[in-house]
Amino acid sequence: MSHTDTAGTPRARGHSSLPARIFSRDHKVIAKQYLGLSLFMLTAGGCLAMLMRWQLAFPERPLHWMAHIAPGGMPGGVMVPEFYNSLFTMHGTIMIFFAIMPLLIGAFGNFLVPLQIGARDMSFPTLNMLSFWTAALAAVVILSSFLATGGAPQSGWTSYVPLSVIAPPGQNLWLGALLLSGVSSVLGAINFIATVINRRAPGMRFFRMPLTTWAMFIDSILILFAIPVLSAALILLLCDRLLHTNFFLPAGEIISGEAMKNAGGGQPLLWQHLFWFFGHPEVYILILPAMGMVSDIISCFARKPIFGYRAMVYALWAIAGLGFIVWGHHMFQSGMNPYLGTAFMISTMVIAVPSGVKVFNWLATLWRGRIELSAAMLNALGFIAMFVIGGISGIFLAATPVDIYLHDTYFVVAHIHYVLFGGSLFGVFAGLYFWYPKMFGRQMSERLGKIHFWLTFVFFNGVMFPMHLLGLKGMPRRIYDYTQYSFLKGLQPLNIFMTVCAWALGLAQFILIFNFFRSMRKGHRAGNNPWHATSLEWQTSSPPPKENFAAVPVVCRGAYEYSLPGMEADFLPQNAASPPGSSSS
Amino acid sequence: MSLRSRLPKLLAGAAIIMTPALVGGDPLPALFRLPEEASTYAPRIDHLFHLIAWITGVIFVLVEGALVIFVVRFRARNRKEAAYLPGNNRLELIWTAVPLLILAFLAILSQKSWAYIKEQFPVQGVRVDILAEQFDWNIRYPGPDGKFDTPDDILTVNQMHIPVGVPVIVRLHSKDVIHSFFLPEFRIKQDVVPGLTTHLWFEARRTGHFEIACTQFCGLGHYRMRGYLTVETPRQFQAWLAQTAAQETRKAAP
């Protein structure tokens with residue numbers, strides 16, 4: 001990559017006071033705040049997973065140094081079941097609500113959407129600032145639950161009732177944190193929708209928007225419809241816990257030999273319906289932005305237009321729409337009417353189609369390209385490769401009879417990790433390597449980036465792929481000590497292998513952390529457009545000035561004009577005047 | 001291109017891997033195999049599982065193979081310039097329609113077995129009532145009068161006995177939180193929800209000892225909510241029932 005140094009790059013930071021900088025209303029600053037917060041939470045969530053893996057490899061073997069860090073959860077270094085239950089609950093909750101979601105939407109969405117549509121900022125900058133600080137408060141609340149009496153929440157990230165109604169007080173903090181995070185997400189979603197509809201630069205028609213922006217836009221609509229349902233369910237659960245309202249508790253509940261006095265009139269499956277009505281769109285909320293970013297990156301490093309741009313947009317809409325009618329596939333074995341199971345099986349099979357369309361279009365984009373394997377591209381390709389596995393395992397689970405066996409086993413855990421780590425997180429890594437120069441004005445080390453990718457890729461598969469096999473053997477998820485069962489005892493060697501990979505996977509992330517911080521000072525200066533990309537964010541300085549563009553760009557074409565025939569350069573920016581003799585629309 | 005020269009080798013390799021499958025042996029190492037099939041419908045589920053594995057396996061190889069081949073073949077160092085190909089509607093149509101057809105086929109097959117297992121309960125069979133609680137399975141047989149919740153009911157905790165070759169119809173309910181009744185070798189799993197009665201049925205193909213696992217996270221002792229299933233001949237089963245009933249009467253009248 002060439003380094004066309006832009007003399008006099010205006011720097012965003014400047015003369016404002018400290019509070020003004022902390023409570024910034026600039027979408028780029030807010031994006032970086034989200035990035036910092038969510039990367040921190042990602043690290044925390046990862047550490048929880050590694051502890052969990054220790055117990056799975058060596059059940060009840062002491063980890064002496066942990067006795068000092070978590071004396072209650074691991075007295076003498078030996079993990080107690082309550083602590084293990086908290087670990088998987090908090091791992092899931094933190095990763096989904098406080099790492100992946102804010103990384104994709106809070107950090108990349110905030111940074112990229114205004115830049116890609118040629119806006120000076122979001123529609124509601126103050127609201128944007130409030131979204132971040134609400135998310136930060138939610139993060140504090142969820143972390144503080146580790147200090148609650150009775151320990152951190154331990155009902156699973158799905159917090160099924162009645163277990164979550166009778167859980168220790170940490171559950172209240174879990175509910176509070178998710179409510180706050182929901183408020184933050186909805187405020188953000190409103191802002192994105194308004195921004196994309198109203199603030200597009202002249203000439204930026206909807207069907208000229210880069211797929212990243214499309215994905216963030218559709219994602220925001222998903223958030224707007226899905227999160228309020230979760231919030232309603234959370235409030236009902238909070239009422240059940242604090243006011244004994246019994247929305248979810250049926251009559252005749254006997255907990256540890258004692259009849260619950262007030263129970264009656266509630267329905268435990270109501271929680272599952274509400275939770276998964278949110279929960280399944282949520283899975284797509286966590287993957288669509290990554291799909292958008294990967295599309296932009298693949299196109300750029302294949303030096304080819306994204307194949308089937310409109311089909312890609314329609315596929316995003318299809319996934320978003322269908323995503324709302326598949327929730328029952330989480331409940332095939334719940335006791336729900338089996339006829340309903342049939343309906344949800346069909347809708348679930350159908351939603352595989354638009355996901356497949358995206359994969360085929362990515363492949364077609366690569367075909368006859370001129371592929372440069374940068375760190376960003378490697379991660380984007382990793383995304384495709386792993387998302388395919390996650391999609392395929394989804395078909396096993398969608399087939400209702402097969403799900404009878406695989407439901408609630410490690411096969412499901414494998415599936416979710418191939419989608420959310422193999423998919424979303426590789427997408428995040430790709431985005432990080434790709435847009436870091438735009439965010440910080442300097443490039444990350446490509447060499448370290450590639451090493452980080454390969455180690456992550458190998459160890460990710462080392463820990464996650466065998467989960468399919470555990471599932472095949474019937475190993476249930478959320479189980480503190482599977483060696484209690486004689487049919488699972490033989491799985492310990494495999495679990496040890498997975499744990500070694502998990503710890504190696506964790507250690508490999510230090511390369512990213514090192515690269516991330518070192519490059520801020522020592523990275524090569526990026527210049528405006530280090531990757532020779534077409535979309536608008538690359539047509540301003542790195543990092544962009546306070547209001548993004550010296551003059552509002554006028555958009556002349558779509559975002560994927562790479563390798564246009566008959567042109568000297570192999571890319572044509574969206575706002576560049578048409579080359580003589582060509583008429584592109 | 002070297003790809004073409006490597007193709008015969010790749011094909012030969014694939015053939016070697018697949019030979020055992022073609023001649024009927026089990027191609028999979030033990031780690032990849034499902035547990036034994038102890039219920040009559042376990043083979044149906046496994047058949048569907050293997051069919052999906054084959055279909056998606058082929059798709060997996062094609063897609064990941066294309067990915068790797070494209071990346072190697074079209075690397076910048078081998079190429080002067082990229083082609084300008086913004087899309088092709090016919091291709092979009094093909095790769096929308098073909099997966100749709102495959103998935104429709106799988107959906108129809110799934111529905112057949114799903115209906116068989118979940119909707120077509122046998123009329124005759126041994127009836128068992130299971131009350132789940134943190135962290136035990138209370139197992140109840142109707143006794144000589146054939147009715148539940150009468151004084152002659154036979155109760156056991158975590159010890160389930162059933163006869164081989166006879167359908168077993170189980171009624172499940174829970175005292176406290178949600179549990180899930182899982183018999184891996186029988187490919188049966190059913191959540192047990194307080195306030196709701198759920199049902200399942202299965203028929204054992206052979207006698208033996210098996211474990212019952214709880215697969216819906218139910219709290220502190222979830223991991224040790226284990227039961228035992230003994231499948232025996234109908235005669236042994238009747239003897240066990242009588243013996244258990246006698247023990248209970250002895251306990252009740254000291």
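Every value quoted in this text rests on a predicted model; they were computed, and no experiment measured them.
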Asker: Under 4.5 Å from any heavy atom of chain A, what part of Lys112(B) do you find: side chain, backbone, both or neither?
Answerer: neither
Asker: Below 4.5 Å from any heavy atom of chain A, which atoms of Asn88(B) appear? Answer side chain, backbone, both or neither.
Answerer: both
Asker: With only heavy atoms counted, which part of Glu64(B) is less than 4.5 Å from chain A, the side chain, the backbone, both or neither?
Answerer: side chain
Asker: With side-chain hydrogen bond (donor to acceptor under 3.5 Å, both in side chains) as the rule and sequence neighbours excluded, what pairs involving residues 381-390 of chain A come up?
Answerer: none
Asker: Go through the atoms of Val193(B) and report whether side chain, backbone, both or neither lie under 4.5 Å from a heavy atom of chain A.
Answerer: side chain
Asker: Okay, side chain of Lys189(B), backbone of Gln333(A): is any donor-acceptor separation there less than 3.5 Å?
Answerer: no
Asker: Where on Glu133(B) is there a heavy atom nearer than 4.5 Å to chain A: the side chain, the backbone, both, or neither?
Answerer: neither
Asker: Can you tell me if Gln484(A) uses its side chain to pair, donor with acceptor, with the backbone of Arg226(B) under 3.5 Å?
Answerer: no
Asker: Check whether the side chains of Thr342(A) and Gln111(B) place a donor and an acceptor atom closer than 3.5 Å, and report yes or no.
Answerer: yes
Asker: Under 30°, 30 to 60°, or over 60°: which ring-plane class applies to Tyr405(A) and Phe182(B), parallel, tilted or perpendicular?
Answerer: tilted
Asker: Given heavy-atom pairs under 4.5 angstrom as the criterion, report whether the side chain, backbone, both or neither of Val161(A) touches chain B.
Answerer: backbone
Asker: Check for a donor-acceptor pair, side chain of Lys473(A) on one end and backbone N or O of Arg33(B) on the other, with a separation under 3.5 Å.
Answerer: yes
Asker: Please find the pair of heavy atoms, one from Leu67(B) and one from Ala385(A), that lie closest to each other, and give the distance.
Answerer: CD2-CB, 3.7 Å
Asker: For Arg79(B), does its backbone N or O pair with a side-chain atom of Arg370(A) as donor and acceptor, under 3.5 Å?
Answerer: yes
Asker: Can you tell me which portion of Leu196(B) sits under 4.5 Å from chain A's heavy atoms? Options are side chain, backbone, both or neither.
Answerer: side chain
Asker: Can you tell which part of Thr198(B) gets under 4.5 Å to a heavy atom of chain A, answering side chain, backbone, both or neither?
Answerer: side chain
Asker: Heavy-atom pairs under 4.5 Å with chain A are the metric here; pick the option from Tyr116(B), Phe70(B), Phe60(B) that has the most.
Answerer: Phe70(B)
Asker: Given a strict heavy-atom distance threshold of 4.5 Å, which part of Leu91(B) is in contact with chain A: side chain, backbone, both, or neither?
Answerer: side chain
Asker: Checking heavy atoms, do the side chain of Ala115(B), its backbone, both or neither come under 4.5 Å from chain A?
Answerer: neither
Asker: Given a strict heavy-atom distance threshold of 4.5 Å, which part of Ile212(B) is in contact with chain A: side chain, backbone, both, or neither?
Answerer: backbone
Asker: Return the minimal non-hydrogen interatomic distance between Gly195(B) and Pro250(A), and the atom names on each side.
Answerer: CA-CB, 3.6 Å
Asker: Looking at Trp114(B) and Phe332(A), what are the two nearest heavy atoms and their distance?
Answerer: CH2-O, 3.5 Å
Asker: With sequence neighbours excluded, what pairs up with Tyr482(A) under the ring-ring contact (aromatic ring centres under 6.0 Å, His included) test?
Answerer: none
Asker: Under a 3.5 Å threshold, yes or no: a donor from one side chain and an acceptor from the other, between Ser486(A) and Glu211(B)?
Answerer: yes
Asker: Taking all heavy atoms of Asn85(A) and all of Gly219(B), pick out the closest pair and write down the distance.
Answerer: ND2-O, 3.7 Å
Asker: Check each atom of Ile117(B) against the heavy atoms of chain A and say whether the ones under 4.5 Å are side chain, backbone, both or neither.
Answerer: side chain
Asker: Arg477(A) versus chain B, heavy atoms under 4.5 Å apart: side chain, backbone, both or neither?
Answerer: backbone
Asker: Which bit of Ser164(A) is near chain B, if near means a heavy-atom gap under 4.5 Å: side chain, backbone, both or neither?
Answerer: neither
